[in-house]
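The next block holds one structure in the form of structure tokens; read it before the comments.
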Amino acid sequence: MFQRQSGSSPELAFLLTFLGLILFGTMLLKTGFVQHNAGLGWLDALFLATSAVCVTGLSTLPTSGFNTAGEL
């Protein structure tokens with residue numbers, strides 16, 4: 001009854017959306033207006049963004065060190 005077009009996959013769309021959100025969050029954390037007292041490296045930003053997308057709440061840095069833009 002319902003035919004899926006070749007090349008379109010819900011699993012692939014889910015994965016690409018997931019990875020896109022992680023990369024977007026990483027880039028937002030590395031912008032100039034998000035600052036941390038101890039400095040925020042690329043690996044820390046990637047881990048923090050992945051943790052936010054996965055809703056685990058893990059962090060490699062204390063979240064109290066972020067400015068107001070970083071805590072949102």
Side-chain angles (χ1 to χ4, degrees):
M1 182 171 173
F2 293 105
Q3 293 289 328
R4 186 169 53 177
Q5 293 181 358
S6 63
S8 65
S9 168
E11 297 86 9
L12 183 61
F14 178 76
L15 180 66
L16 291 178
T17 303
F18 194 78
L19 292 175
L21 285 172
I22 291 172
L23 291 177
F24 183 68
T26 302
M27 293 300 156
L28 281 178
L29 285 169
K30 287 301 290 179
T31 59
F33 63 76
V34 174
Q35 296 175 359
H36 191 273
N37 294 341
L40 186 63
W42 282 101
L43 192 58
D44 289 327
L46 179 66
F47 184 84
L48 206 59
T50 304
S51 177
V53 171
C54 295
V55 197
T56 59
L58 300 174
S59 178
T60 56
L61 300 168
T63 55
S64 61
F66 284 104
N67 62 356
T68 306
E71 290 179 357
L72 297 177

Would you compute the distance between atom [atom1] of [X] and atom [atom2] of [Y] and round it to the nearest 0.5 angstrom?
| X | Y | atom1 | atom2 | value |
| --- | --- | --- | --- | --- |
| L21 | T26 | CG | OG1 | 10.5 Å |
| L40 | L48 | CG | CG | 7.0 Å |
| T50 | L23 | OG1 | CG | 8.5 Å |

Taking side-chain hydrogen bond (donor to acceptor under 3.5 Å, both in side chains) as the definition, give me every residue that meets it alongside T17, ordered by chain and number, with sequence neighbours left out. none
Applying side-chain hydrogen bond (donor to acceptor under 3.5 Å, both in side chains), name anything that partners T60, two or more places apart in sequence or on another chain. D44
In short, S51 meets G57 closest at the heavy-atom pair OG-N, 3.3 Å
Tell me the closest heavy-atom pair linking G25 and A49, and the distance in Å. C-CB, 3.8 Å
Does the side chain of C54 reach to within under 4.5 Å of the side chain of F18, using non-hydrogen atoms? yes
Let me check something: do F47 and L61 share a hydrophobic cluster, defined by ILVMFWY side-chain heavy atoms less than 4.5 Å apart, either directly or through other members? no
